[in-house]
Amino acid sequence: MSKNIMAILYDFDKTLSTTDMQNYSFIPSLDMSAEEFWGKTTEFSESTGVERILSYMYMMIVEAKKRGIKLTKEYLKSCGKDIKFYPGVSTWFKRINEYAESRGIKVEHYLISSGTKEIVEGSSIVNEFTAIYGCEYYYNEEGEPVWPKMAINYTQKTQFFFRVAKGAIDANDDQGVNSKTKTLRIPMSNIIYMGDGMTDIACMTLVKKNGGNSIAIYQKEYGEKVKQLYNEGRASFTCRADYSANSDLESVVKMIIDRIALQSAIEKKQSTLAQKDTPKK
């Protein structure tokens with residue numbers, strides 16, 4: 001276990017980006033509004049009983065095929081270039097990494113999204129993450145999607161908390177994530193989860209209960225709804241969706257880094273003293 005490593009886990013839609021990632025380029029390419037596409041997805045899910053995340057993945061294929069759009073990995077990746085992020089996101093990772101390094105802490109960033117991984121891979125922040133977990137397709141020889149390769153709904157996100165803590169980063173490493181171990185690569189108390197609200201409750205609660213910190217990110221108009229998560233004890237903090245230098249969010253994360261650095265220093269000192277007090281044979 002390394003006390004000098006911490007991880008920040010992020011949701012994507014409305015946590016880092018200003019709306020759902022499909023709303024920027026993919027849905028407009030269908031000549032549909034976001035309301036129309038998501039409305040059809042909900043209708044399909046309710047009429048068939050298909051899980052909601054699988055429903056949107058299916059509807060992406062169906063609606064694209066109707067319009068003669070080949071839903072290749074390259075096409076979906078191109079839909080990521082127009083994603084708009086909250087203020088400060090573009091420089092956030094560098095600033096947080098540098099601050100943590102000045103305190104003797106290494107930060108790893110992980111994305112855990114129910115959105116489309118291929119779209120994220122076309123975004124401007126794709127290289128900031130140690131690993132990206134999202135919904136993705138299996139493609140046939142023609143490069144078209146034929147089956148979900150990975151689907152992550154809101155409760156399935158929780159597995160990645162344990163994966164990160166144990167170092168079982170490969171999403172197919174079932175043995176690593178399920179094995180019983182006394183040694184974690186990253187202490188659970190050194191993990192932060194950042195999400196935008198109701199769909200992140202399971203992860204927020206899990207991280208907080210295991211000694212980590214959960215931060216509920218909110219847009220101004222949804223502030224009261226998200227603050228309810230704090231009042232219910234599900235989130236450690238609530239912060240406005242502003243990643244700029246000197247923002248409340250940056251201050252909170254820096255405070256958590258300081259706390260981790262202090263705890264690491266205390267435990268290192270205690271270990272040194274214990275070794276000195278151990279009688280030599």
Side-chain angles (χ1 to χ4, degrees), residues 9-46 50-64 66-67 69 71 73 75-90 92 110-126 128-129 132-137 145 148-157 160 193-204 215-223 225-226 229 240-243:
L9 282 49
Y10 304 81
D11 176 44
F12 192 89
D13 296 337
K14 300 176 186 174
T15 296
L16 293 168
S17 65
T18 58
T19 187
D20 295 329
M21 63 182 71
Q22 295 87 353
N23 295 358
Y24 296 101
S25 294
F26 174 73
I27 293 175
S29 75
L30 304 175
D31 291 324
M32 297 176 73
S33 67
E35 291 74 18
E36 288 174 317
F37 178 82
W38 296 116
K40 277 196 169 188
T41 297
T42 298
E43 182 181 340
F44 174 76
S45 181
E46 292 178 350
V50 174
E51 194 271 338
R52 291 183 182 276
I53 300 302
L54 290 172
S55 291
Y56 97 66
M57 295 180 75
Y58 174 76
M59 292 305 294
M60 285 179 69
I61 294 174
V62 169
E63 296 300 327
K66 282 181 183 178
R67 293 156 179 81
I69 297 174
L71 208 65
K73 185 179 293 188
Y75 175 77
L76 287 172
K77 189 174 179 179
S78 74
C79 292
K81 66 182 186 302
D82 295 324
I83 292 176
K84 293 180 174 61
F85 296 100
Y86 289 125
V89 167
S90 63
W92 165 263
Y110 294 84
L111 185 66
I112 306 172
S113 174
S114 293
T116 308
K117 182 180 179 181
E118 293 91 339
I119 294 179
V120 173
E121 290 175 337
S123 72
S124 60
I125 63 172
V126 61
E128 304 292 353
F129 302 100
I132 295 174
Y133 303 108
C135 301
E136 54 185 317
Y137 294 103
K149 179 179 178 180
M150 175 74 72
I152 303 173
N153 65 24
Y154 312 130
T155 55
Q156 287 168 339
K157 284 184 175 183
F160 297 101
Y193 182 84
M194 295 169 58
D196 65 284
M198 303 306 289
T199 60
D200 297 290
I201 285 177
C203 275
M204 287 183 180
I215 304 176
I217 305 296
Y218 67 89
Q219 300 178 47
K220 184 178 180 181
E221 57 269 34
Y222 301 114
K225 184 179 291 187
V226 171
L229 299 178
R240 189 170 175 177
D242 181 1
Y243 292 76

Participant: Apply side chain to side chain contact (heavy atoms under 4.5 Å, CB included) to the pair I125 and F12, showing each step before the final yes or no.
Facilitator: CA-CA 11 Å; I125 63 172; F12 192 89; 4.1 Å; yes

Participant: For the atom pair CG (D31) and CZ (R67), what is the distance rounded to the nearest 0.5 Å?
Facilitator: 7.0 Å

Participant: Taking the side chain as C-beta and beyond, is there a heavy-atom pair between S114 and Y154 under 4.5 Å?
Facilitator: yes

Participant: Taking C-beta and beyond as the side chain, do K77 and V120 meet within less than 4.5 Å on heavy atoms?
Facilitator: no

Participant: Check step by step if side chain to side chain contact (heavy atoms under 4.5 Å, CB included) holds for I61 and Y137.
Facilitator: CA-CA 10 Å; I61 294 174; Y137 294 103; 3.6 Å; yes

Participant: Looking only at heavy atoms, what is the nearest atom pair of F85 and V89, with distance?
Facilitator: CB-CB, 3.7 Å

Participant: Determine the minimum heavy-atom distance between I83 and S17, stating which atoms define it.
Facilitator: CG2-CB, 3.8 Å

Participant: Just wondering, do W38 and I27 contact through their side chains at under 4.5 Å, heavy atoms?
Facilitator: yes

Participant: Assess whether side chain to side chain contact (heavy atoms under 4.5 Å, CB included) is satisfied between I152 and I53, documenting all intermediate values.
Facilitator: CA-CA 7 Å; I152 303 173; I53 300 302; over 6 Å; no

Participant: Can we say E36 and K40 salt-bridge, meaning some charged N sits less than 4.0 Å from an Asp/Glu carboxylate O?
Facilitator: no

Participant: So, does S123 use its side chain to make a donor-acceptor pair with the main chain of G80 at under 3.5 Å?
Facilitator: no

Participant: A side-chain contact here means heavy atoms from C-beta on lying under 4.5 Å apart; do F37 and M60 qualify?
Facilitator: yes

Participant: Are a donor atom and an acceptor atom from the side chains of S45 and E51 found within less than 3.5 Å of each other?
Facilitator: no

Participant: Any chance the side chains of W92 and Y10 put a donor and an acceptor closer than 3.5 Å?
Facilitator: yes

Participant: Minimum heavy-atom separation for P145 to L71, with atom names?
Facilitator: CD-O, 3.1 Å

Participant: Would you tell me whether T155 and N153 have side-chain atoms, one donor and one acceptor, within less than 3.5 Å of each other?
Facilitator: yes

Participant: Would a line drawn from the ring center of Y58 to the ring center of F44 be shorter than 6.0 Å?
Facilitator: yes

Participant: Got T19 and D13 here, is their nearest side-chain heavy-atom distance under 4.5 Å?
Facilitator: no

Participant: Between CZ of F129 and OH of Y110, what distance do you get to the nearest 0.5 Å?
Facilitator: 12.0 Å

Participant: Could you go through the side chain to side chain donor-acceptor pair (under 3.5 Å) check for Y193 and D200 one step at a time?
Facilitator: CA-CA 9 Å; Y193 182 84; D200 297 290; 2.5 Å; yes

Participant: Minimum heavy-atom separation for C135 and A151, please, with both atom names.
Facilitator: SG-CA, 3.9 Å

Participant: CG/N23 to CD/E35 distance, rounded to the nearest 0.5 angstrom?
Facilitator: 8.0 Å

Participant: What I'd like to find out is whether the side chain of M150 reaches to under 4.5 Å of the side chain of K117, using heavy atoms alone.
Facilitator: no

Participant: Should I215 and M204 be marked as a side chain to side chain contact (heavy atoms under 4.5 Å, CB included) after you check the CA-CA gap, both sets of side-chain angles, and the distance that decides it?
Facilitator: CA-CA 8 Å; I215 304 176; M204 287 183 180; over 6 Å; no

Participant: Closest heavy-atom contact between G115 and Q22?
Facilitator: CA-NE2, 4.3 Å

Participant: If you take all heavy atoms of D11 and G195, which pair is closest and at what distance?
Facilitator: CB-CA, 4.0 Å

Participant: Is the closest side-chain heavy-atom distance between E43 and M59 below 4.5 Å?
Facilitator: no

Participant: In Å and rounded to the nearest 0.5 Å, what is the CD to OG distance from E128 to S90?
Facilitator: 9.0 Å

Participant: Taking the side chain as C-beta and beyond, is there a heavy-atom pair between Y243 and I217 under 4.5 Å?
Facilitator: yes

Participant: When rounded to the nearest 0.5 angstrom, what distance separates CG in L76 from CD1 in I119?
Facilitator: 5.5 Å

Participant: Between S55 and V50 (side chain of the first, backbone of the second, donor and acceptor by atom type, cut-off under 3.5 Å), is there such a pair?
Facilitator: yes

Participant: Output the distance between atom OG1 (T116) and atom CD (E121), rounded to the nearest 0.5 Å.
Facilitator: 10.5 Å

Participant: Could you please spell out the steps behind the side chain to side chain donor-acceptor pair (under 3.5 Å) verdict for S29 and Y75?
Facilitator: CA-CA 11 Å; S29 75; Y75 175 77; 2.8 Å; yes

Participant: Give a yes or no on whether a salt bridge exists between E118 and K149, defined as a side-chain N under 4.0 angstrom from a carboxylate O.
Facilitator: no

Participant: Regarding T18 and Y24, do their side chains bring together a donor and an acceptor under 3.5 Å, going by distance alone?
Facilitator: yes

